[in-house]
Every structure is written in C-alpha cells, then in structure tokens.
Amino acid sequence: MRLTPLAGTLAIALVFLHHLPLHRQDRSPAHRPDNLAVTSAYAARHLRPGDPVLFVPSIGRRAVLAYPKGFRWAWDIALRQSGPRSGTLYGREVGAGELRRRLASVDRVWVVAEPYALTSPWYPSNPTERVKLAIVGEEFRPLSAGLPDGPLRLYVRRPPAERMAHLATERTPQSPNRPRPPPPPSPAPR
C-alpha cells in the first residue's frame, strides 16, 4: 500500500525533470526579448554618459520606467518632455523635423526596439515614429560586434557611399521594403 504514494511522487518527479530543460529555455534572455531588467542591466554596462538612445516605438520607454538605473545618464534623443513633467506615462516626443535634426548630429545611437518594429512591415501613423524607422533604416546600420540580438542595439552611421548604395537597393523592385501608407480616402460623392 505504501508503494502507491511513492510511485505517484516518483512519476511527478520524472515528469518535472523531463520538462526542466524546456522551462529553463523559456526563462533564457534569448527567449524573452521583453525582459526589461536584462535590457536595463545591459544598458548600465554598455551605455556611456550622454549616449543617445532612441525608443522604437515610444512604448519601449517602459524599460526606463521599470528599471531606470541602466539609462540614468543616457540622452533620450526623441524626448521633449518627461512623463512626470508632461503628465503622461511615456512623456512627449519632439516632432519629426526636430528628431531629424537631432539624429543628424550623432554618429551612433542606441536603439531600444520592440521585436516587431524593425523587422516587420509595421507602418506607424505617428510621423515621429515614421522618421525613427526611416532614419535608422537608411542612415544607420546595426553594429554586430559582440552585441546580442536583444531589444537594445548600437547603431552607427553608414558612410556616405554605403548610405547611397543602401538607398539604391531599397528602391529596386525585387528588394523587400516597408509597405507604403495607404492612399487617403476619396471624398464621398455628394
């Protein structure tokens, strides 16, 4: 009679041990790109004081809200007014023109991007978000030297010749490109 509880306990232990590698994999940083604590810790190790940081889209600032220590000395290049000062959660960003001017003044920028933002056909309705995507895609390239493919990556400005070549390949019909926005609706007939 005592074998039944022992057999049940042994069966549960075997099932747990069998699934343990899967549970560990689910908890790894590579499997959880939205791990804000890991993003902040990585920022604390690699960002220098005054380094520009660009959040694509602005909801990416939640890493700063949840774990501000890693971004303490960074320059949020798109931010016009902080959340507390503006009475909003993520703050208010500068307009598209001002963001272009700010990004034109830097040769490197750290990008905190949502997984869908840089790799999908996502087309934001906000002009500032569209400028972020356009400038990062056209004028910068990710620096891959030892950096993980996580939400925080360093981008460096493309040399002029590389920028022109990149723009030329982006405009060829066979290359994948972000979809163009839909045309404005036609006025209703009267």
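Every value quoted in this text rests on a predicted model; they were computed, and no experiment measured them. Position 1 is the first residue of the sequence; numbering continues from there.
L133 and V136 fall within the same hydrophobic cluster, where Ile, Leu, Val, Met, Phe, Trp and Tyr residues are linked whenever their side-chain heavy atoms come under 4.5 Å apart, directly or through other members. Note on I59: it clusters hydrophobically with L89, by side-chain heavy-atom contacts below 4.5 Å among ILVMFWY residues. Linking ILVMFWY residues whenever their side-chain heavy atoms come closer than 4.5 Å, directly or via other members, places Y42 and L143 in the same cluster. Clustering ILVMFWY residues whenever any of their side-chain heavy atoms sit less than 4.5 angstrom apart, transitively, puts L79 in a cluster other than the one holding W110.
Between L22 and H19, some side-chain heavy-atom pair lies under the 4.5 Å cut-off. Between V106 and W75, some side-chain heavy-atom pair lies under the 4.5 Å cut-off.
In this structure, L47 and A74 approach most closely via the heavy-atom pair CD2-CB, 3.5 Å. Minimum heavy-atom separation, P127 to A96: O-CB, 4.0 Å. Across every non-hydrogen atom of V94 and E98, the tightest pair is CB-CG, 3.7 Å. Of all the heavy atoms in L99 and T128, the pair that sits closest is CD2-CG2, 3.7 Å.
R108 places no side-chain N or O within donor-acceptor distance of the main-chain N or O of L154, the cut-off being under 3.5 Å. No donor-acceptor pair closer than 3.5 Å links the side chain of T39 to the backbone N or O of A63. Using a distance-only test at 3.5 Å, with no hydrogens or angles considered, a donor-acceptor pair links the side chain of K132 to the main chain of F55. In this structure a side-chain-to-backbone donor-acceptor pair under 3.5 Å is present from E129 to S58. R153 contributes no side-chain N or O that, together with a main-chain N or O of P142, makes up a donor-acceptor pair within less than 3.5 Å. Side chain of R130 to backbone of S125: a donor-acceptor contact under 3.5 angstrom is found. Of the possible donor and acceptor atoms, none in the side chain of S40 sits under 3.5 Å from a partner among the backbone N and O of L36.
The pair R157-E139 meets the salt-bridge criterion, with a side-chain N (NZ, NE, NH1 or NH2) lying under 4.0 Å from an Asp/Glu carboxylate O.
L17 CG to L10 CG: the interatomic distance, rounded to the nearest 0.5 Å, is 9.5 Å. Atom CD of E93 and atom CD1 of I77 lie 11.5 Å apart (nearest 0.5 Å). In this structure, OG1 on T88 lies 10.0 Å from OH on Y90, to the nearest 0.5 angstrom. Considering CG of D76 and OG of S82, their distance stands at 10.0 Å, rounded to 0.5 Å. Separating the CD1 atom in I135 from the OH atom in Y155 is a distance of 14.0 Å, to the nearest 0.5 Å. In this structure, CZ on R62 lies 4.0 Å from CD on E114, to the nearest 0.5 angstrom.
The number of heavy-atom neighbours closer than 6.0 Å to OH of Y67, taken from other residues, nucleotides and ligands shown, is 12 or below. The 12-atom threshold is not exceeded at CZ of R48, counting heavy atoms of other residues, nucleotides or ligands nearer than 6.0 Å.
The side chain to side chain contact (heavy atoms under 4.5 Å, CB included) with F71 is formed by just one residue from the set L65, D51, V112; it is V112.
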